[in-house]
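Numbering of ligands and ligand atoms starts at 1, following listing order.
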Amino acid sequence: MSEDKSLNFIEEIVEADLNSGKYQSILTRFPPEPNGYLHIGHAKSICLNFGLAKKYGGKTNLRFDDTNPSTEETEYVESIKDDVKWLGFDWAEELYASNYFEQIYSFAVKLMEKGLAYVDDSSSETIAQEKGTPTQPGIENIYRSRTVAENIQLFADMRAGKYQDGEKVVRAKIDMASSNMHLRDPIIYRIKHAHHHRTGDAWCIYPMYDFAHGQSDSIENITHSICTLEFIPHRPLYDWCIENLQIFPSKQYEFARLNMTYTVMSKRKLLQLVNENHVNGWDDPRMSTISAMRRRGYPPESIREFCDKIGVAKRENLIDFSLLEFCVRERLNKTALRRMVVFDPLKIVITNYPNTTELLESENNPEDISTGTRTIPFSNTIFVEQEDFMEIAPKKYFRLSPGQMVRLKSAYIIKCDEVIKDIEGHVTELHCSYIPESKSGSDTSGINVKGTLQWVNAATATKIEIRLYDRLFKVEDVANAEGDFKDYINQDSLQIIANGYAEPALKTDNPYMAFQFIRKGYFVVDRDSTKDQLVFNRTVSLKDGWAKEAKKA
Ligand code: ATP
Ligand code: MG
């Protein structure tokens, strides 16, 4: 974070709390429910919570809000931990709301003792009906006047497993006429005979989110509990619980969630994409999950930079996916090693080149000379990209066409002398001649050419698979598009090039490195690679193809 940047509204609050002496240091938390993989929206929350603590010398807990046993799994817990670490953050403590089940139970008993909670036998339909509407007050039912002793006994019976799911609930006794629906005797406990990923079968009653989240914050002495805007109407209940339980006064602050173009971010929708095989798992590189972005080659620094750039707002908006890609490009330009790869080969025979192999030198990354150089074999038979040749070329075409010269990157200038075709008239190879004095780095030819092409030496090329990704959705604002969001899936979002030809360096390169395939984009090795064939994901193209599309339209 740069020093001269103005503070966001949460930083202002934190600074005020520190300056006034309200707190000596701050403690924040990142509280995912382990019911799915984290997405880029969570990254914003992570950067905010951990970033605040880092900036102000405080700490951040990683707390799993695991109060819903039917949707939560250990697999998700592990992936969440991996993602937070990968993003570059360390938590002070790894905690689980389920650690506090006993304490939260006693909080409910305490409310009952104070006459502030009761066991309700009504059906969920009746409860909903009696709740009223935003313009009509609710109705107080007969169970509301149960005695303290009766409530405590029934609650113990609920815990002991005497009742079936849905037979009874516990509600906070607040105000059935409140203008805030969340204060109309909200349910705080329900019966659920389900196996929990951590507490197993120890419990058959579980606290509701609103009776677990704030309480967990208090138990941990969280100073600033940061969540997204939809929790604004929950805040009075958050404060009510703290006040009536007389526990640590954590404070809730809300910021606008991140929404991004051409993607979805709700875990429910992401789960649908996975379960219905629209993508190949949670970390399919087209997904908006952090694990997908990691697999696709997005550097964690770029995601942090992106979160910093979008800032922390109080009003929701839609952020352009291109901004994230811009951050990715900016970083990779500085770090990615340059390599030459041909996707769709056209054979070139250099007729005046001797029948030997020469080892050429080329820089790994002109943006960072400390990365050194690599050797690239060169001979009289090479491949260039099919699309870099045109038999009948327009005027300003600076690539290969009959009679035209181009530079082969880090090698020589060649001239296209002859086009060889098969009997059907398809171009099968080009015969070219090279200019011996034009070698890159020691060019004395005096010839200026406008086009430079990437190429690979045919005899030493290694075959690789390349996966090109496009937006997973065809519309900008997927969440607000009419009808089913899956109707907007871009069916052409994955293109596989089964046989790309790469320079041999890629075979021995560190597979964790980022690469720039010259003129093609940034790439990273995928975990589907085998001993015999490397598979590469395109992280991002070199230029923003979508900005160009938008201009055309
Ligand atoms: P989803 O709606 O995608 O399922 P969630 O809010 O239910 O997300 P949680 O696991 O409860 O997911 O979220 C953990 C934290 O991340 C919460 O504090 C939540 O507010 C925050 N968060 C979730 N989505 C976003 C988002 N798009 N932008 C910013 N913060 C988010
Ligand atoms: Mg949630």
Looking only at the aromatic ring of each residue, does the gap between the centers of Phe9 and Phe255 stay below 6.0 angstrom? no

Can you label the angle between the His182 ring and the His234 ring as parallel, tilted or perpendicular, going by 30° and 60°? tilted

List every atom of ligand 1 that sits less than 4.0 Å from any heavy atom of Ser266, numbering the atoms from 1 in the order shown and giving each element. 3 (O)

For Phe255, the ligand 1 atoms whose distance to one of its heavy atoms is below 4.0 Å: 29 (C), 30 (N)

Please work out which of Gly41, Pro32, Pro34 has its closest non-hydrogen atom nearest to atom 29 (C) of ligand 1. Gly41

I want to know whether Phe523 and Phe517 have ring centres closer than 6.0 Å. yes

Close side-chain approach of Asp528 to Arg295, heavy-atom, < 4.5 Å: yes

Is Arg268 near ligand 1, meaning one of its heavy atoms is under 4.0 Å from it? no

Answer yes or no: does an N/O atom from Lys44 fall short of 3.5 Å to an N/O atom of ligand 1? no

For Pro31, atoms of ligand 1 separated by under 4.0 Å from a heavy atom: 14 (C), 18 (O)

Ring-ring centroid check Tyr209 His213, cutoff 6.0 Å: yes

Backbone or side-chain N or O of Ala256 under 3.5 Å from ligand 1 N or O: no

Does the N or O separation between His42 and ligand 1 drop below 3.5 Å for any pair? yes

Taking only heavy atoms of Thr228 into account, list the atoms of ligand 1 that are under 4.0 Å away from them. 20 (O), 29 (C), 30 (N), 31 (C)

Using a strict 4.0 Å cut-off to heavy atoms of Met265, name the atoms of ligand 1 that fall inside it. 3 (O)

Heavy-atom contact under 4.0 Å between Phe231 and ligand 1? no

Any Met265 side-chain heavy atom under 4.5 Å of Arg257 side chain: no

Check the orientation of Tyr105 and Trp203. Use parallel for under 30°, tilted for 30 to 60°, and perpendicular for over 60°. tilted

Examine His39 against ligand 1 and note whether any of their N/O atoms are separated by less than 3.5 Å. yes

